[in-house]
Amino acid sequence: MTELQQPIDAALVPDALLHMKTAAAVAGLSEDWLYRRAKTDPSFPKLIRLGNRCTRIRAGDLTEWLNTLAK
């Protein structure tokens, strides 16, 4: 089975639901780091569970959170 990759440009659409792999690439962090941060940091954007093995994060929420870190 071939897994389709989500284009990084999807992060430019605020309502896009990013794959965690794409979110990690946008943030420059590992997927594991994002999952750990989601569990421990109340300011981190809410992860969206679409199934047992399907988690997404809204692109606009992620970029907004990253911008707060840069301030």
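Excluded from the calculations below are hydrogen atoms, water molecules and symmetry mates; all remaining heavy atoms, backbone and side chain alike, are included.
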Distance from Thr63 atom OG1 to Ile57 atom CD1, nearest 0.5 Å?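 If I round to the nearest 0.5 Å, the distance is 9.5 Å.
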
Rounded distance (nearest 0.5 Å) linking atom CZ of Arg56 with atom OG1 of Thr22: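 Rounded to the nearest 0.5 Å, the CZ-OG1 separation comes out at 8.0 Å.
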
Is it true that the side chains of Ser30 and Asp32 contain a donor and an acceptor less than 3.5 Å apart?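 The answer is no; no qualifying pair exists.
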
For residues Ala10 and Ala16, report the shortest heavy-atom separation together with the two atoms involved.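 Between these two residues, the closest heavy atoms are O-CB, 3.3 Å.
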
Show the nearest heavy-atom pair for residues Leu18 and Gln6, with the distance to one decimal.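 So the minimum-distance heavy-atom pair works out to CA-OE1, 3.4 Å.
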
Run the side-chain hydrogen bond (donor to acceptor under 3.5 Å, both in side chains) test against Arg36 and tell me which residues pass, sequence neighbours left out.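 Arg36 satisfies side-chain hydrogen bond (donor to acceptor under 3.5 Å, both in side chains) with no other residue.
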
Report yes or no: do [X] and [Y] belong to one cluster of Ile/Leu/Val/Met/Phe/Trp/Tyr joined by side chain heavy-atom distances under 4.5 Å?
X: Val13; Y: Trp65; value: no
X: Leu69; Y: Leu47; value: yes
X: Leu66; Y: Tyr35; value: yes
X: Trp33; Y: Met20; value: yes
X: Leu34; Y: Ile48; value: no

Would you please test Asp61 and Lys46 for side chain to side chain contact (heavy atoms under 4.5 Å, CB included) and show each step? CA-CA 8 Å; Asp61 295 346; Lys46 185 175 185 256; over 6 Å; no

